[in-house]
Amino acid sequence: MNNIKVRFAPSPTGPLHIGGARSALFNYLYAQNRQGSMVLRIEDTDLERSAAEYEQEIIDSLTWLGIRWQEGIDVGGGNGPYRQTERLDNYNGYVEKLIREGHAYHCFCTEEELEEERRLLMEKGQIVKYMGKCRELSEVERNAKREQGLVPTVRFKVEQNKTIVVNDLVRGKVVFNSDEIGDFIIVKSDGIPTYNFAVVLDDHDMNITHVIRAEEHLSNTPRQLMIYEALGFDVPEFAHISLILGSDRQKMSKRHGATSVVQYREKGYLPEAVFNFLALMGWSPEGEEEILSHDEIVRQFSLDRVAKNPAVFDLDKLNWLNAQYIKKQSIDNLGEMLQVFLQKSPHWDAVRTLDDVSFSVLIEALHDRLVCLSDVVEEIEPFFAFPVYDGEALEMLAQEETRQMLAAFLEHLPDQLDLDLARSFMKGFPKSVQLPGKKVYMPLRIALTGKRQGPELPFLFTVMGPKEVRRRIGGVRGKE
RNA sequence: GGCCCCAUGGUCAAGCGGUUAAGACACCGCCCUUUCACGGCGGUAACUGGGGUUCGAAUCCCCAUGGGGUCACCA
């Protein structure tokens, strides 16, 4: 055990996003690979948008994915509390220190004033930033403002013309100049610290050694670095991983379809598949094998192999991976996993009354056909839905040849069927009626299901049982 | 718009000065299968452009172009 410590620090303003999950995953993988630990911290300083229910949902999503942490909101640890709104007392000392040492000051500018300033700068084509109106306010002036009822924010005083270098583990040196950055707010007028401030304090107080987060935070990093310096903190390592984009190369958002982890969970994606898939978004293993177990990914993970370019979310590939993971499941296991989806089927009553053997056969028939678990609802249709015949189907069934074949079939069909029996029977039947397979299989399939495609006939027979098979074929023959 | 990041097939990506420029998904074809799917085999398809550096550049540098991010009392 070394002292490597990472954190995932979501704000509970919505369900866990695919991109957030990927950030969490990379943190987790890095920590696991290096025998370090991980912290889950909730950044809920946006009182407006944060909601308690999302906190639990995020925890559930991470847990579902198989991501674990050693310290955090739900498991505790020696650096708590892990919810920023519960850490307010921790921040005060730092604010006072910054003000005392001239690194920060109270600002009484109103929203309207700030907006006006921005508008003016925009018009003049200058850099839009806070110009430091309240920077040199005297104590007398400040008291006057307070008496007017103005509640101040606290701004960090940005030293001008300083070069700030972010040493990024995936991007290398990234250079910024402080002139582009205006004095920024570190404590809001409601007394709550802003993200850029709280994140530094918490990462420091929690002994975070590696900050692995999405690239959208890269431009914020110089601000944070200035705070680290003003407070005399050691700076952690940074790694900014690029974003996940939608198919139109824009940042993933709701209009790109399912973007939250729960949505994939509900659709019936396996956590192992999503885990594997997310790992492959921006990271690549050394070998050619891309289907990798949790342990294998942990073993191989390294920030050196994290790509710098953004990645378009590839649903096709996720689908393929998920199908692969489904195929790996044993029949029993798959049957178990399918229960909750099966219950949503209109044929649930029929499914639940199946005996164990027939149920296994049903699952075996579906095993290689499912992309995600929810597909099962559609895939079991041929087994249970009463056939509906279209014109083409009726035409085939009306042929004399077909009618005779079906009559013969009914005669030969055993009264007891298991999968092996059904297979051998189907293999031998065409010969026994001296017909080519072509004249037998497709008409039978159509008679039974009304469809030209679907599971193999022996599966159909076995799950339906001889009685139901007779009933359906009898029904067809009744149609004159 | 300023600043920052990025740039290899449709997508994910390997490559880190000398390769016939991997592999995966998707797509197409063939095979297996008297259905569809699964599976097997094969195929189409890429270094954004222009300048340098170098004996030699997908790899290094510069510019252009394109895409993305960020400039909040959001994180």
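In what follows, every heavy atom counts, from backbone to side chain, and hydrogens, waters and symmetry copies are set aside. Proteins get letters first, then strands, A, B, ... in listed order; numbering begins at 1 in each.
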Does the side chain of [X] get closer than 4.0 angstrom to OP1 or OP2 of [N] through an N or O atom?
{"X": "A/Arg249", "N": "B/rC6", "value": "no"}
{"X": "A/Lys188", "N": "B/rA75", "value": "yes"}
{"X": "A/Lys251", "N": "B/rG67", "value": "no"}
{"X": "A/Gln324", "N": "B/rG39", "value": "yes"}
{"X": "A/Lys327", "N": "B/rG39", "value": "yes"}
{"X": "A/Thr45", "N": "B/rA75", "value": "yes"}
{"X": "A/Thr194", "N": "B/rC73", "value": "no"}

Practice task
Taking atom types as modelled, find out whether A/Asn27 and A/Trp69 have a side-chain donor-acceptor pair closer than 3.5 angstrom.
Solution key: no
Handout entry: Touch class at under 4.0 angstrom, heavy-atom based, for A/Phe184 against every strand present
Key = nothing
Problem - Sugar-phosphate only, base, or nothing, as touched by A/Lys308 at under 4.0 Å among non-hydrogen atoms - result: sugar-phosphate
Handout entry: Length of the line joining A/Glu456:CD and B/rC32:P, which is rounded to integer Å
Key = 16 Å
Practice task
Let me know the distance between CD1 of A/Ile192 and P of B/rA72, rounded to the nearest Å.
Solution key: 21 Å
Handout entry: Expected output: side-chain A/Glu159 to main-chain A/Ser178 donor-acceptor under 3.5 Å
Key = no
When the ring centroid of [X] is compared with that of [Y], is the distance short of 6.0 Å?
{"X": "A/Tyr94", "Y": "A/His103", "result": "no"}
{"X": "A/His294", "Y": "A/Phe275", "result": "yes"}
{"X": "A/Phe313", "Y": "A/His256", "result": "no"}
{"X": "A/Phe409", "Y": "A/Phe461", "result": "yes"}

Problem - Pair assignment for B/rG23, Watson-Crick or G-U wobble, requiring both distances under 3.5 Å - result: B/rC12
Practice task
Can you tell me the pairing partner of B/rU65 across any strand shown, Watson-Crick or G-U wobble, with both distances under 3.5 angstrom?
Solution key: B/rA7
Handout entry: Residue A/Tyr195, side-chain atoms from C-beta onward, closest of B/rC25, B/rA75, B/rU8
Key = B/rA75
Practice task
Measure from the side-chain heavy atoms of A/Arg49 and tell me the nearest of B/rC74, B/rA7, B/rC36.
Solution key: B/rC74
Problem - Of residues 217-230 of chain A, the positions that come close to RNA chain B - non-hydrogen atoms, cut-off under 4.0 Å - result: A/His217, A/Leu218, A/Ser219, A/Asn220
Exercise for the section: Fit a plane to each ring of A/Tyr195 and A/His217, take the angle between them on a 0 to 90° scale, and name the class: parallel (under 30°), tilted (30 to 60°) or perpendicular (over 60°). Expected result: tilted
